[in-house]
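To start, the structure under review is shown below, and the notes come after it.
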2 protein chains.
Amino acid sequence: MIGDRWKLLILRDLALKGARRYRDFLEAGEGIATNILASRLIQLEAAGIVNRQQDPENAARTIYSLTPKGVDLVPVLLAMIAWSAQWDPETEVPVRFERALKRNPKALAKEIRDELPKPVGE
Amino acid sequence: MIGDRWKLLILRDLALKGARRYRDFLEAGEGIATNILASRLIQLEAAGIVNRQQDPENAARTIYSLTPKGVDLVPVLLAMIAWSAQWDPETEVPVRFERALKRNPKALAKEIRDELPKPVGE
DNA sequence: ATTTTGAACTTGCAAATTGCAAGCGTCTCA
DNA sequence: TGAGACGCTTGCAATTTGCAAGTTCAAAAT
């Protein structure tokens with residue numbers, strides 16, 4: 001399910017970069033095509049990993065968020081980031097983040113979970 | 001680099017299923033095509049994640065193994081397995097393994113590392 | 001010494017997936 | 001009521017995948 005470049009990047013944006021809207025993903029830097037983004041969001045929603053909801057403040061907008069099943073992927077993302085930080089010189093990880101990750105990954109995962117925007121209506 | 005279905009499965013086979021030869025991957029059950037397997041092994045080798053060596057006991061054979069960079073991906077694999085065990089009823093994880101994974105993932109990672117076949121000549 | 005087997009690929013080609021550009025439908029705000 | 005913004009969908013060319021059928025080279029069998 002997750003062995004797919006784009007889905008992992010979408011999840012990273014949701015979990016760690018505060019992305020919540022279609023535009024956020026499109027503009028996240030890696031250059032996902034709009035049709036691919038739409039298809040991946042559908043697949044992630046079908047898999048119960050992300051929620052799609054209308055913004056109650058503006059019906060023209062959609063808000064995406066992680067389900068509990070999606071939140072539970074945070075440790076996977078963190079493990080990948082830890083590996084990249086160590087082995088891939090092109091990956092830029094904030095020093096503070098990298099340190100927290102090495103010292104106490106569980107605590108960092110909890111911190112991220114707590115700071116996640118909640119799905120509308122909770 | 002790793003956001004690719006087949007590479008992740010190859011790494012899983014190398015790290016957790018004792019796969020060491022081309023045939024092992026081909027027959028691992030998921031049905032990778034032989035041309036795709038060859039291309040993925042080339043990419044993994046180019047990325048410094050796997051070693052390719054001739055079997056000293058039989059020059060017709062090739063032995064694949066994880067480099068240190070590849071071994072460091074074990075925690076990523078374990079995080080994915082933990083998630084699958086919890087959320088995907090189709091994923092079958094041995095109970096002993098799942099328990100060890102929940103209780104002390106670091107210790108399990110070390111155990112796996114220690115049991116890994118070493119590259120030829122070490 | 002020659003043939004056969006087995007392991008690790010390579011090649012050709014059809015089918016599926018991706019990426020790009022353009023367009024569409026709905027909602028908001030002036 | 002008209003102009004944007006937003007979240008998509010569509011069409012099409014280019015890339016990637018999957019399958020089947022070779023090919024190469026070392027080892028084992030005859």
Side-chain angles (χ1 to χ4, degrees), chain A residues 1-14 17-67 70 117 119-121, chain B residues 1-14 17-67 70 117 119-121:
Chain A
M1 175 64 202
I2 283 172
D4 165 344
R5 176 181 172 193
W6 294 120
K7 275 180 275 196
L8 281 168
L9 291 173
I10 290 169
L11 291 171
R12 178 206 60 184
D13 291 342
L14 272 173
K17 301 211 165 178
R20 287 150 47 88
R21 304 216 320 272
Y22 199 82
R23 291 288 146 151
D24 296 336
F25 305 118
L26 273 186
E27 292 160 8
E30 276 87 0
I32 185 171
T34 171
N35 54 344
I36 305 296
L37 174 57
S39 90
R40 292 308 179 276
L41 287 170
I42 287 168
Q43 292 171 23
L44 287 169
E45 195 189 359
I49 292 171
V50 313
N51 292 314
R52 177 195 316 250
Q53 293 169 299
Q54 220 180 42
D55 185 337
E57 293 171 10
N58 181 337
R61 293 183 172 186
T62 308
I63 290 180
Y64 292 95
S65 59
L66 290 170
T67 63
V120 176
Chain B
M1 175 62 202
I2 283 171
D4 165 345
R5 175 180 174 194
W6 294 120
K7 275 180 274 195
L8 281 169
L9 291 172
I10 291 170
L11 292 171
R12 178 205 61 183
D13 291 343
L14 271 173
K17 301 210 163 179
R20 287 151 43 91
R21 305 215 320 273
Y22 198 82
R23 290 287 145 152
D24 296 335
F25 304 117
L26 273 187
E27 292 160 9
E30 276 88 2
I32 184 170
T34 172
N35 54 344
I36 305 295
L37 174 55
S39 89
R40 292 309 179 274
L41 286 171
I42 288 168
Q43 292 171 22
L44 286 169
E45 195 189 1
I49 293 171
V50 313
N51 291 314
R52 176 194 316 250
Q53 293 169 299
Q54 221 181 42
D55 185 337
E57 293 172 9
N58 181 337
R61 293 184 173 186
T62 308
I63 290 179
Y64 293 94
S65 59
L66 291 170
T67 63
V120 176

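Just so it is clear: chains get the letters A, B, ... in the order the sequence lines come, proteins before strands, and each one is counted from 1.
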task = Please figure out whether A/A60 or A/S39 has its closest DNA chain C nucleotide nearer the 5' end.
result = A/S39
ask   = A/W6 side chain N/O closer than 4.0 Å to the phosphate oxygens (OP1, OP2) of C/dT18?
value = no
request  = Could you check whether B/T62 gets within reach of a base, just the sugar-phosphate, or nothing at all, counting any heavy atom under 4.0 Å?
outcome  = sugar-phosphate
message = If I take atom CD1 in residue A/I32 and atom P in nucleotide D/dG7, what distance separates them, rounded to the nearest angstrom?
response = 14 Å
inquiry  = If I take atom CG in residue A/D24 and atom C1' in nucleotide D/dC8, what distance separates them, rounded to the nearest angstrom?
reply    = 15 Å
ask   = Reckon B/R40 has a side-chain N or O less than 4.0 Å from the OP1 or OP2 of D/dT16?
value = no
query = To the nearest Å, how far apart are B/F25 CZ and C/dC9 P?
reply = 10 Å
task = Find the distance B/L41:CG to C/dC9:P and express it as a whole number of Å.
result = 7 Å
Criterion side-chain contact (heavy atoms from CB on, under 4.5 Å) against A/L44, the qualifying member of A/L14, A/D4, A/I49 = A/I49
task = Indicate yes or no: at least one non-hydrogen side-chain atom of B/L66 is less than 4.5 angstrom from one of B/L11.
result = yes
remark   = Atom CG of A/N58 and atom P of D/dA5 are separated, to the nearest Å, by 13 Å
query = Within the structure, does a side-chain N or O atom of A/R23 lie under 4.0 Å from either OP1 or OP2 of D/dC6?
reply = no
Minimal non-hydrogen separation, A/K7 against A/Q43, with atom names = NZ-OE1, 2.9 Å
request  = Taking only the side-chain heavy atoms of B/Y64 (C-beta and beyond), determine which of C/dC27, D/dA27, C/dC9 contains the nearest atom.
outcome  = C/dC9
remark   = All heavy atoms of A/D24 vs all of A/G18, minimum pair found to be OD2-O, 4.5 Å
message = So if I take every side-chain heavy atom of B/A33 and compare against D/dG7, C/dC27, D/dC19, which nucleotide ends up nearest?
response = D/dC19
message = Please determine whether side-chain hydrogen bond (donor to acceptor under 3.5 Å, both in side chains) holds for the pair A/R52 and A/Y64, giving the CA-CA distance in whole Å, both sets of side-chain angles, and the decisive distance to 0.1 Å.
response = CA-CA 5 Å; A/R52 177 195 316 250; A/Y64 292 95; 3.0 Å; yes
inquiry  = Both A/I42 and B/R5 contact DNA chain D. Which one's nearest nucleotide lies toward the 5' end?
reply    = A/I42
query = So, is A/R20 near the phosphate of D/dG7, with a side-chain N or O under 4.0 Å from OP1 or OP2?
reply = no
request  = Figure out the CZ/P separation between A/R21 and C/dC27, and round it to whole Å.
outcome  = 17 Å
inquiry  = Distance check needed: C/dT18 C1' versus B/D4 CG, whole Å only.
reply    = 14 Å
query = Rounded to whole angstroms, how far apart are OH on B/Y22 and P on D/dT23?
reply = 17 Å
ask   = Where the side chain of A/I36 is concerned, which of C/dT10, C/dT18, D/dA26 is the nearest nucleotide?
value = C/dT18
key: Closest listed nucleotide, where the reference is the side chain of B/N35 and the choices are D/dC19, C/dC20, D/dT9   = D/dC19
